[in-house]
Each structure stands twice: as C-alpha cells, then as structure tokens.
Amino acid sequence: MAKNIEDFDDEEMDSEALAQLEAEENAAQIVRDYSDRRILIWEEDDTRRETCLEVLTDLLVGATFKAVKTEAEAQEQLENDDWDTFVVDFYSDGVSSSEFVKNANNYPGSILVAINMAPLTLQEERDPARTELLRRLFDVERANTQIHA
C-alpha cells in the first residue's frame, strides 16, 4: 500500500535509506580469501589481457593467476599445471569453438568463466555493484571429483 504524501516523514526515509546504504557498503567490504584458487586467463589482445589480469587480481585477493596470449600457451598451461578456473572472452574470434575451450570444459573440477574483456576497467570494476556481479562468476561451487561415464 502506498504511503500518503501528507504522512511522509523525511527523517524516517533518510534513516531507512542510510541503513540500506550502510548494509550494501558492508556487504561489499567483506574480504574473501581466494588463496586456494588457480586462474588461467587467455586473451590475445595485450591491453585487454593486462586489464583483465589487473581487475581480477584486485578482485580475487590471494588467487594465483597466469595470463597467456595464445591458444597454444593456454593449452600448454592446461596440460602442464593444475587450474581450477579458466577465463576467456567469447567475443574474440574463434575462442568459443577453440580446442582449448573444449578441453577446459572437460577439465576435472574446474569452471570456465566467459566475460567480455573489452569494457573492463579497474576504475569501473571497483564500483561495489559491479564488483559483486563479477565476483559471483568466480564463487560458483567447483566439483571436487571427476565424473566418470
């Protein structure tokens, strides 16, 4: 039911809005530990790759990162090291149908995060609303065991 305009209390509204704002700020300031995470980023564009690495390093405190330029480098990392998360940009030509993405999808206990790296900037990603949305992509539960057919 709508509140009658004559009964409107500025102080009540201000305290409600302030309480909500404080709750949102506190939620955004929760420090999470990603020290058990190993994240491989594949992006061919140098600027996008470096920006993505900078944004994710700032966001996922404690995680181990490796950012590579070519599919061959990504494939080599996939074969020679243990990773739990793979980050790619499906807007890049050939990425979604690449051999690497097929292999990453079948990598035991891992997740594949596809993000558009073009608009990423550290300044914008520090906005609590955007930070939380991006972080949720990495908070997906990972499988602990390989599924056997």
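The main-chain N or O of Leu59 is found under 3.5 Å from a side-chain atom of Arg135 such that the two form a donor-acceptor pair.
Under the side-chain contact (heavy atoms from CB on, under 4.5 Å) criterion, Tyr91 pairs with Asp89, Asn116, sequence neighbours left out. Residues passing the side chain to side chain donor-acceptor pair (under 3.5 Å) test with Asp81 are Arg38, sequence neighbours excluded. With sequence neighbours excluded, the residues that form a side-chain contact (heavy atoms from CB on, under 4.5 Å) with Thr47 are Asp45, Thr51. In this view, Asn80 satisfies the side chain to side chain donor-acceptor pair (under 3.5 Å) rule with no residue, not counting sequence neighbours. Residues passing the ring pair (Phe, Tyr, Trp, His ring centres under 6.0 Å) test with Tyr34: none are found, sequence neighbours excluded.
Both Leu137 and Leu53 are members of a single hydrophobic cluster when ILVMFWY side chains are connected at heavy-atom separations under 4.5 Å. No continuous path of hydrophobic side-chain contacts links Val68 to Ile111 [ILVMFWY only; heavy atoms under 4.5 Å]. A single hydrophobic cluster is not seen to contain both Val113 and Val95; linkage of ILVMFWY side chains at heavy-atom distances under 4.5 Å, directly or through other members, places them apart. One hydrophobic cluster holds both Phe90 and Phe86 under the rule that ILVMFWY side chains link at heavy-atom gaps under 4.5 Å.
Lys102 and Ser97 get closest at one heavy-atom pair: CE-O, 3.7 Å. Shortest non-hydrogen contact noted between Val101 and Ser98 is N-OG, 3.1 Å. Contact detail for Ser110 and Trp83: the closest heavy-atom pair is CB-O, 4.2 Å. Ala63 and Ile39 make their closest contact through CB-CD1, 4.0 Å (heavy atoms, listed as atom of the first residue, atom of the second, distance).
Using a 4.5 Å heavy-atom cutoff, the side chains of Phe100 and Leu40 are in contact.
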Report the C-alpha separation of Asp82 and Tyr107 in whole Å, then their side-chain angles, then the decisive distance to 0.1 Å, and conclude whether the side-chain contact (heavy atoms from CB on, under 4.5 Å) test is met. CA-CA 10 Å; Asp82 292 326; Tyr107 196 84; 3.7 Å; yes
Trace of the side-chain contact (heavy atoms from CB on, under 4.5 Å) decision for Ile115 with Leu134: CA-CA 9 Å; Ile115 59 176; Leu134 185 57; 4.3 Å; yes
Could you please spell out the steps behind the side-chain contact (heavy atoms from CB on, under 4.5 Å) verdict for Met117 and Val55? CA-CA 10 Å; Met117 294 184 200; Val55 167; over 6 Å; no
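Pairs of residues two or more places apart, or lying in two chains, that qualify as side chain to side chain donor-acceptor pair (under 3.5 Å) and include a residue from residues 62-79 are Asp46-Lys69, Thr70-Glu73, Gln75-Glu79, Gln75-Asn103.
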